[in-house]
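Right, one structure below, let's go through it.
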Amino acid sequence: VAAGARRRVDARAAGTRSDSEQDQGYISNRTSKIATVGAGYNVTKADRLSGEFTYNLRTGSPRQPERNRLFDGAGALVGDFDRDGTGREHEVATDGSATYKHSFAGKGHSFTLDFRHSEEAEDRSSRFINVFRLPAAPTTIDQQRPHADQRERELTAECARPLPAHAKLLLGDDLERDDDAFDTHVDTIDPASGAVTVDPRATSRFVYARTVHALYATYERVFADTLT
């Protein structure tokens with residue numbers, strides 16, 4: 001539960017001003033369900049397979065009451081309206097990984113192949129009822145329906161090898177791919193008939209894709225046991 005109040009003063013011509021006040025609240029009962037499972041299996045003495053999967057479900061039913069008031073320079077109330085919102089939230093996040101590791105003869109000599117896939121899908125819907133008391137005007141209804149879908153896949157291959165003089169060499173290849181889509185739908189609703197009309201000025205879609213391919217190497221060696 002959250003609440004807040006805000007006051008704004010706007011300067012006008014000839015030294016006059018107008019004041020506005022806004023009281024906001026946010027009330028929501030959220031529920032989260034999380035499950036994780038993992039397993040590992042030694043195929044041979046030198047080869048091992050392992051994996052893990054996590055599922056996270058979050059739901060909620062938020063309520064957003066809001067009151068707005070506007071005063072003239074003399075302090076008289078000239079505007080008064082409420083904007084009350086109700087809605088729902090539904091979000092599913094999954095994350096899975098699989099790993100293969102081969103250990104060569106010799107301590108610290110290994111090859112690892114790791115694949116990870118994560119996805120998050122979020123749906124929200126909020127309906128707002130606008131009640132105008134001053135100046136008096138018909139009640140209006142609008143709703144917002146944002147949706148987000150984010151996916152990430154990553155494949156990593158690493159080879160670790162010991163070298164003479166107690167040195168270590170790590171070679172890696174990492175490939176990452178992101179695919180994201182963000183949709184925002186805004187509608188106006190007729191209070192009498194319930195007819196829904198899409199507002200094209202506030203409805204949008206944003207698509208984002210990224211691929212990152214990185215090669216890396218790390219060399220590690222101890223040159224002295226102590227510093228002088």
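For the numbers below, each heavy atom of this structure counts, side chains included, while hydrogens, waters and symmetry mates do not. Fair warning: this is a prediction, and the values are worked out from it, not measured in the lab.
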- Which residue pairs satisfy the ring-ring contact (aromatic ring centres under 6.0 Å, His included) criterion with at least one member in residues 129-163, sequence neighbours excluded? F81-F132
- Item | Check: V43 and Y100 side chains under 4.5 Å, non-hydrogen atoms | no
- Item | Those residues that, when tested against F182, pass side chain to side chain contact (heavy atoms under 4.5 Å, CB included) (two or more places apart) | A148, Q150, D180, F206
- Message: Could you check whether any side-chain heavy atom of V186 comes within less than 4.5 Å of a side-chain heavy atom of Q143, counting everything from C-beta outward?
- Response: no
- Are any non-hydrogen side-chain atoms of F115 and S97 less than 4.5 angstrom apart? no
- Task: Can you sort out the partners of F128 under ring pair (Phe, Tyr, Trp, His ring centres under 6.0 Å), two or more places apart, ordered by chain and number?
- Result: none
- Compare all side-chain heavy atoms of R210 with those of R177 and state whether any distance is below 4.5 angstrom. no
- For residues L113 and L155, determine if any side-chain heavy atom of one lies less than 4.5 Å from a side-chain heavy atom of the other. yes
- Query: Is any side-chain N of the basic residue among R67 and D80 closer than 4.0 Å to the acidic one's carboxylate O?
  - Reply: yes
- Which pair of non-hydrogen atoms, one from S32 and one from N56, has the smallest distance, and what is that distance? CB-OD1, 4.5 Å
- Query: What do the steps show when you test N130 against D142 for side-chain contact (heavy atoms from CB on, under 4.5 Å), and what is the final call?
  - Reply: CA-CA 8 Å; N130 307 290; D142 62 89; 3.0 Å; yes
- Is there a side-chain contact (heavy atoms from CB on, under 4.5 Å) between S61 and N29 once you walk through the steps? CA-CA 6 Å; S61 300; N29 295 319; 5.9 Å; no
- Task: With R145 as reference, evaluate D199, D123, D183, D187 under the salt bridge (Lys or Arg N to Asp or Glu O under 4.0 Å) test and give the passing residue.
- Result: D187
- Sorted by chain and residue number, the ring pair (Phe, Tyr, Trp, His ring centres under 6.0 Å) partners of H102 (sequence neighbours excluded) come out as F104
- Query: Will you find, in the side chains of T36 and T54, an N or O donor that is under 3.5 Å from an N or O acceptor?
  - Reply: yes
- Classify the side-chain pair D82/N68 by whether it contains a donor and acceptor separated by less than 3.5 Å. no
- Connected via hydrophobic side-chain network under 4.5 Å: V37 and L57: yes
- Query: So, are E66 and R83 salt-bridged, with charged N and O less than 4.0 Å apart?
  - Reply: no
- Considering all heavy atoms of both residues, which atom of P135 and which atom of G79 are nearest to each other, and what is their separation? CD-CA, 4.5 Å
- Around atom CZ of R124, are there more than 12 heavy atoms of other residues, nucleotides or ligands at under 6.0 Å? no
- Any side-chain heavy atom of S20 sitting closer than 4.5 Å to one from L70? yes
- Query: Which heavy atom of T140 sits nearest a heavy atom of P191, and at what distance?
  - Reply: CA-CG, 4.4 Å
- Where at least one partner belongs to residues 164-173, residue pairs that pass side chain to side chain donor-acceptor pair (under 3.5 Å), sequence neighbours excluded: D173-H213
- Task: Using the side-chain contact (heavy atoms from CB on, under 4.5 Å) rule, take F53 and T94 through it: C-alpha gap first, then chi angles, then the decisive distance, then the call.
- Result: CA-CA 7 Å; F53 179 78; T94 58; 4.0 Å; yes
- Message: Nearest 0.5 angstrom please: N42 CG to D47 CG, how far?
- Response: 9.0 Å
- Message: I need the minimum non-hydrogen distance between G40 and R48, along with the two atoms involved.
- Response: CA-NH2, 3.6 Å
- Item | ILVMFWY cluster, L171 and Y219 together (side-chain gap under 4.5 Å) | yes
- Query: Taking side chain as C-beta onward, heavy atoms only, is E89 less than 4.5 Å from S28?
  - Reply: yes
Cut-off 3.5 Å, no hydrogens considered: what does the side-chain donor-acceptor table look like for residues 156-163, sequence neighbours left out?
residue, atom, partner, partner atom, Å
T156, OG1, D174, OD1, 2.5
E158, OE2, Y216, OH, 2.6
R161, NH1, H109, NE2, 3.3

- Message: Under a plain distance cut-off of 3.5 Å, with no hydrogens placed, do R63 and T86 share a side-chain donor-acceptor pair?
- Response: no
- Message: Please evaluate residues R127 and I189 with respect to the criterion side-chain contact (heavy atoms from CB on, under 4.5 Å), reporting the C-alpha separation (whole Å), side-chain torsions for both, the decisive distance (0.1 Å), and the verdict.
- Response: CA-CA 9 Å; R127 176 172 294 194; I189 302 175; 3.3 Å; yes
- Value for CZ (R116) from OG1 (T99), rounded to nearest 0.5 Å, stands at 11.0 Å
- Query: So which of E119, E152, R153 actually passes side chain to side chain contact (heavy atoms under 4.5 Å, CB included) with D179?
  - Reply: R153
- Query: Less than 4.0 Å between a side-chain N and a carboxylate O, is that true for R151 and D178?
  - Reply: no
- What is the minimum heavy-atom distance between R69 and F71, and which atoms define it? CB-CE1, 4.1 Å
- Check L134 against L77 and note the closest heavy-atom contact, atom names and distance. CD2-O, 3.3 Å
